[in-house]
There are 2 protein chains.
Amino acid sequence: MVGMPTIYDVARHAGVSPATVSRVLNGHEGVDAALTARVRESAATLGYRPNSLARNLRRSTTNLWAVIISDVNNPFFTAVVRGVEDAGQDLGYSVVLCNSDEQPDKEARYVTALLADQISGFIVSPTSRTANIRALVDAGRAVVAIDRRPRGLALDTVLVDNEHGAREATAHLIDQGYERIACITGPSRLSTASQRLRGFRAALRAAGRTPEPELERHADFRERGGYEAMADLAAARPDAVFVANNLMTVGALEFLSDKGIRVPDEVAVVGFDDVPWATFIRPPLSTVTQPTYELGRTAATLLKSRIDDPGRPPTVATLRTELHVRASSRRR
Amino acid sequence: MVGMPTIYDVARHAGVSPATVSRVLNGHEGVDAALTARVRESAATLGYRPNSLARNLRRSTTNLWAVIISDVNNPFFTAVVRGVEDAGQDLGYSVVLCNSDEQPDKEARYVTALLADQISGFIVSPTSRTANIRALVDAGRAVVAIDRRPRGLALDTVLVDNEHGAREATAHLIDQGYERIACITGPSRLSTASQRLRGFRAALRAAGRTPEPELERHADFRERGGYEAMADLAAARPDAVFVANNLMTVGALEFLSDKGIRVPDEVAVVGFDDVPWATFIRPPLSTVTQPTYELGRTAATLLKSRIDDPGRPPTVATLRTELHVRASSRRR
DNA sequence: TCGCAACGAGAAACCGATTTCTCGATAACC
DNA sequence: GGTTATCGAGAAATCGGTTTCTCGTTGCGA
């Protein structure tokens, strides 16, 4: 490896002290204009780039953020990462990606390793065990939670307005004239699942209807669960269904397809979560999309201001969902 | 931030010098057993974790790898990243994710920034302008290219056997009894596109057929290109089509659906690239899947051995694809 | 003209590890 | 018993920046 020039080389070349070079390059005021020019020129000539290890050691911080997500294959999380990464780069940070894979011990290993790395900020997705997040907070690190509010910790958090999204989707189905609207939601212990169910019921009540338990199902947020819940619902003869998560939506569609039940003529479908292939499914799928990219950007913004002002009281940002109506829920 | 204990704290606590602590913790031989035990105990008691900034500054390296990919939303790349990340963690490295977004200047910015960061290894996806990769190599950094062989640079590279994959897919269509088999491939300047076309033709010739230019199309590897190429092909009345990339496959399917052309009864379809939603499309889509996760792991392995032995001659690893036959290409 | 404040820039300390250098003690050999 | 390897462990240098401390100079007011 060719030795890169150091601040001492630049200082010698410009005939000044390393301290002055540092001041010039960091934009500190009160350096003679002539010197400033000489330093800049020398730095450019030598192709000098400050060694960030040394800088960070002295400042005891880094320009690194870590994003700990539970599944790098889930398009929801990758879109978030992309938002964080774009915003981070604008602010001068690089992003380290950590894939906890739903395994608490893997996550814990990351946390201890990253703590030693002087990482300046963390963005953590909800699936984490609270103890791990707490370790970060206790070590005085800047932490932002996304998608779900961590229990018992006052943190900067970026959430999605699940209730509103579910309500809007259900209202749309009512508006289209569907009579027996069902809901498949996730495990009741997950706040996202219960919030979406609450929105579903609220929309029904707002239209003067009464939610019927026989038209509601809890499943596990996975494809198979959606399939089985839909099969189970069939006896109740719904003419529309709101499915509270992307994978379960796929499962429900598979059941309908297997049984030759036409969408939307016999059963209309609206799904929650962005599904990149929503438009490619036949018929194209109506969805409640989450602003994933914006979610990442917002988390980055919050993280930055937390770093700049560690004493600031925690804020919670809630983002709106957007209803995309496609053929799967349109009366013909 | 609560001050974390330093090596000096451990040294004081154990009644030895910092040098000895360093030797013990790095497993250097020839330290008295009693001292070793004292040091270990003190380190554990204080919860000491070496500051990796200081260590890396001294060693002038880091435990960081950078993966520069062109699109973090493309499932192909995220699967690769996941492979790199898993393997990297086993080897003691963290992975910094960089999304060049197909923009050469954004990529260049990353390269200069990362060079200053003493990143120890790079894994770069093909879309990069060669000049950027060359800058990394010239700076003496360990670099592994993935998916495409960079022109004019002898590098460790991990490729996929595109020709074989295309050949197998086409042979399958021939085997199913299709007569007029078409091919939609990518821009001819991209090696992946031309290799897949070559495999397509080879399979035809192996079956005693002659490739017909009117059944071949070049498009841009994007959805719209696939749609238009399929529209253009329709006049030639193919009864099957091999599409050389995931997004174009989606475009082709959309055209067929829009025109009411049934799959596979009127036109059979096989796509190249893993498509996570392949089984959810109706009919389920036959695909040539690439071993994306393995590709990432292999790249990580190569990078590690390059770091350990910088003088080693470059190796090229080529991975096999796998044909998944589903309903879209099965005679009924 | 003198004194003091303000200011600009260099010298040196510092961040927290690793690694070389050095020295004292023990062991081995003649 | 004396001299020389051997070895273990501490002192100090080092990595390459940033930041404090210090000092010489200038400018302004009295």
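Lettering follows sequence order; numbering is per chain, from 1. Basis for what follows: all heavy atoms, side chains included, without hydrogens, waters or symmetry-related copies. Every value quoted in this text rests on a predicted model; they were computed, and no experiment measured them.
- Within the nucleic acid shown, B:S22 comes within 4.0 Å of at least one base atom, counting heavy atoms only.
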Show, in sequence, the C-alpha distance, side-chain angles and deciding distance for A:V84 and A:W65, and conclude whether the side chain to side chain contact (heavy atoms under 4.5 Å, CB included) test is met.
CA-CA 9 Å; A:V84 173; A:W65 284 350; 4.2 Å; yes

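- Evaluation of the side chain to side chain donor-acceptor pair (under 3.5 Å) rule for B:S17 yields B:T20 as partners, not counting sequence neighbours.
- OP1 and OP2 of D:dG16 both lie 4.0 Å or more from every side-chain N or O belonging to A:T6.
- Every residue two or more places apart in sequence or in another chain was checked for a salt bridge (Lys or Arg N to Asp or Glu O under 4.0 Å) with B:R134, and none qualifies.
- Proximity of residues 48-56 of chain A to DNA chain D (heavy atom under 4.0 angstrom from any strand atom) is restricted to A:Y48, A:P50, A:N51, A:A54, A:R55.
- With sequence neighbours left out, the side-chain contact (heavy atoms from CB on, under 4.5 Å) criterion links B:R312 to B:D156, B:S305, B:R306, B:D309, B:T315.
- Overall, the helix from C:dT1-D:dA30 to C:dC30-D:dG1 carries an axis bend of 50° between its ends, with five pairs at each end and the value rounded to 10°.
- Protein chain A contacts DNA chain C from C:dG8 to C:dG16, reading 5' to 3' and using non-hydrogen atoms of the protein with a distance under 4.0 Å.
- In summary, the side chains of A:R55 and A:N26 do present a donor paired with an acceptor at a separation below 3.5 Å, with no hydrogens or angles considered.
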Hey, what are the protein-to-nucleotides 5-8 of chain D N/O distances that come in under 3.5 Å?
{"from": "D:dG8", "atom 1": "O5'", "to": "B:G30", "atom 2": "O", "distance (Å)": "3.3"}

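- Listed for the A:S60 side chain is no donor-acceptor partner under 3.5 Å among the backbone atoms of A:N56.
- A:D9 places its CG atom 13 Å from the C1' atom of D:dC15, with the value rounded to the nearest Å.
- Within the 4.5 Å cutoff, no side-chain heavy atoms of B:V96 are placed close to those of B:V67.
- For B:Y48, the side chain to side chain donor-acceptor pair (under 3.5 Å) criterion is met by no residue, not counting sequence neighbours.
- Judged as a side chain to side chain donor-acceptor pair (under 3.5 Å), and not counting sequence neighbours, A:T292 has no contacts.
- Judged as a salt bridge (Lys or Arg N to Asp or Glu O under 4.0 Å), the pairs with a partner in residues 4-28 of chain B (not counting sequence neighbours) are, in order, B:D9-B:R12.
- B:I7 places its CD1 atom 18 Å from the P atom of D:dA13, with the value rounded to the nearest Å.
- Within the structure, side chain to side chain donor-acceptor pair (under 3.5 Å) contacts touching residues 30-45 of chain B (residues at least two apart or in different chains) are B:H13-B:S42.
- With sequence neighbours excluded, no residue forms a side chain to side chain donor-acceptor pair (under 3.5 Å) with A:T298.
- For B:L57 and B:V16, each mapped to the nucleotide of DNA chain D holding its nearest heavy atom, the one lying further toward the 5' end belongs to B:V16.
- Atom P of nucleotide D:dC15 and atom CZ of B:R58 are separated by 7 Å, given to the nearest angstrom.
- Ion pairing between a basic and an acidic side chain is recognised when a charged N comes within 4.0 Å of a carboxylate O; A:D105 and A:R109 show no such pairing.
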